[in-house]
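I have placed the structure first, in the form of structure tokens, so that the comments after it can refer back to it.
So that the names make sense, note that chain A is the first sequence line, chain B the second, and so on, each numbered from 1.
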Amino acid sequence: MMLALPRSFYQRPATDVAPDLLGKLLVRQTELGLRIGRIVEVEAYLGREDLAAHSSKGVTPRTQVMFGEAGHAYVYLIYGMHHCMNVVTGPAGSGSAVLLRALEPVQGLALATNGPGRLTRAMEIDKQFYGADLCRPDSTLYLADDGPHPPAEILTSPRIGVDYAGAWAAAPLRYYLAESAWVSGRPAARSRARNRADKTFSKN
DNA sequence: CGGTCGATGATT
DNA sequence: ATCATCGACCGC
């Protein structure tokens, strides 16, 4: 199997880890086979002072993994139906993490992967991975390097869906690959996802 | 196209 | 009551 990224990769500020995650592989070993996607869009959540971060509420049953050791998964359910996956970053106690928002399909992916809810659905990631250690060699969920790539332009923007967070709503903490067609909210990816869904549903 | 809204359940 | 979302539906 591929080599999981070492814990030291995650033990840095979320603002360093987030752009470095772009181009990395998210690897998921399911019962049926390997599913792999290349990360093209992420968001950094900085910790207690960041009003958009769940950890700004302090340590709760839900957020405690954010305050734990870096390199673990923080998975939560949003709007009653979608899971979102973060990787915990920084020193323990910082409450910082990076949300994975979109993948470019590489292997074994049949469903759309643009958007945090679709990403977890396509990769079959749910709360069973809450707190999972992404650095264990036997993990069925981990991140890995994708070998050498040509240099890719990284853009930033405010984070999506955090308008409630006051001044933090405007912070440029969303990072994405400029040229990727798989970033969420992109017209090309949207119609592609739409066509795929239409095919799935017309199969009666 | 773009705006708007309902689903659905954990969290506070 | 709110929400780190998605997709359906509406009007143009």
Side-chain angles (χ1 to χ4, degrees), chain A residues 10 13-15 17-19 21-22 26 37 39-68 72-90 94-103 105 109-132 155-176 182-204:
Chain A
Y10 302 99
T15 46
V17 176
L21 280 172
L22 299 176
L26 181 63
I39 297 170
V40 298
E41 177 185 354
V42 299
E43 284 175 359
Y45 288 86
L46 304 192
R48 295 207 84 118
E49 75 278 11
D50 177 0
L51 275 335
H54 292 166
S55 51
S56 67
K57 305 283 188 189
V59 182
T60 68
R62 178 172 73 153
T63 62
Q64 68 170 355
V65 70
M66 292 185 81
F67 290 94
H72 291 251
Y74 168 47
V75 180
Y76 65 92
L77 184 65
I78 190 67
Y79 297 110
M81 54 184 84
H82 305 289
H83 293 277
C84 292
M85 176 185 170
N86 300 245
V87 300
V88 177
T89 61
S94 66
S96 63
V98 177
L99 170 69
L100 307 185
R101 288 194 55 91
L103 303 176
L109 287 168
L111 302 176
T113 52
N114 55 318
R118 287 185 283 248
L119 182 157
T120 55
R121 182 163 47 107
M123 294 290 280
E124 283 186 18
I125 295 165
D126 60 17
K127 283 189 125 153
Q128 92 176 94
F129 288 101
Y130 178 90
L155 299 180
T156 67
S157 83
R159 293 168 292 184
I160 307 295
V162 297
D163 293 342
Y164 59 86
W168 284 95
L173 294 174
R174 171 173 173 256
Y175 304 78
Y176 59 100
W182 301 97
V183 167
S184 71
R186 235 118 116 147
R190 186 175 292 175
S191 65
R192 200 182 336 251
R194 164 94 40 140
N195 291 339
R196 191 191 315 277
D198 288 345
K199 256 178 223 166
T200 301
F201 283 132
S202 65
K203 199 194 295 184
N204 262 349

Item to check | Positions of residues 162-176 of chain A (non-hydrogen atom under 4.0 Å from DNA chain B), listed by number | outcome: none
Checklist entry - Is A/Tyr76 side chain donor-acceptor paired with the B/dA10 base, going by distance under 3.5 Å alone? => result no
Item to check | Rounded interatomic separation in angstrom, taking CG from A/Leu77 and P from B/dT11 | outcome: 8 Å
Next on the checklist: Classify A/Ile160 by what it touches in the nucleic acid, base, sugar-phosphate, or nothing, heavy-atom distance under 4.0 Å.
Outcome noted: sugar-phosphate
Item to check | Between P of C/dT5 and CG of A/Leu100, the distance in whole Å | outcome: 13 Å
Next on the checklist: Is there a side-chain contact between A/Lys127 and the phosphate of B/dG9, meaning an N or O under 4.0 Å from OP1 or OP2?
Outcome noted: no
Checklist entry - Would you say the side-chain atoms of A/Arg159 pair up with the backbone N or O of A/Ala44, donor to acceptor, closer than 3.5 Å? => result yes
Next on the checklist: Please list all pairs meeting salt bridge (Lys or Arg N to Asp or Glu O under 4.0 Å) that have one or both residues in residues 54-64 of chain A, counting only residues at least two apart or in different chains.
Outcome noted: none
Item to check | With sequence neighbours excluded, residues passing salt bridge (charged side-chain N to carboxylate O under 4.0 Å, His left out) with A/Arg101 | outcome: A/Glu41, A/Glu43
Checklist entry - Does A/Gly117 offer a backbone N or O that forms a donor-acceptor pair with the side chain of A/Arg121 under 3.5 Å? => result no
Next on the checklist: Please classify the nucleic acid contact of A/Arg62 as base, sugar-phosphate, or nothing, using heavy-atom distances under 4.0 Å.
Outcome noted: sugar-phosphate
Item to check | Length of the CE-C1' vector between A/Met81 and B/dG6, whole Å | outcome: 8 Å
Checklist entry - So, A/Tyr164 side chain and A/Ala52 main chain: donor-acceptor pair closer than 3.5 Å or not? => result yes
Next on the checklist: Rounded to whole Å, please give me the gap between CD in A/Glu43 and C1' in C/dT5.
Outcome noted: 12 Å
Item to check | Stacked pair A/Tyr45-C/dA4, distance under 5.5 Å, angle under 30° | outcome: yes
Checklist entry - Do you see a donor-acceptor pair shorter than 3.5 Å between the side chains of A/Thr89 and A/Ser96? => result yes
Checklist entry - For A/Thr60 and B/dT12, is the shortest distance between a side-chain N/O and OP1 or OP2 below 4.0 Å? => result yes
Item to check | Nucleotide-level pairing of DNA chain B, given in dot-bracket where Watson-Crick and G-U pairs need both distances under 3.5 Å and | marks other strands | outcome: |||||||.|||.
Checklist entry - Once you round it to whole Å, what is the distance between P of C/dC6 and CG of A/Leu119? => result 9 Å
Next on the checklist: Which residues pass the ring pair (Phe, Tyr, Trp, His ring centres under 6.0 Å) test with A/Phe129, not counting sequence neighbours?
Outcome noted: none
Next on the checklist: Does C/dT5 have OP1 or OP2 under 4.0 Å away from a side-chain N or O of A/Arg101?
Outcome noted: yes
Next on the checklist: I need the NE2-P distance between A/His83 and B/dA7, as an integer number of Å.
Outcome noted: 20 Å
Item to check | Stretch residues 49-58 of chain A: residues that reach within less than 4.0 Å of DNA chain C through a heavy atom | outcome: A/Ala52, A/His54
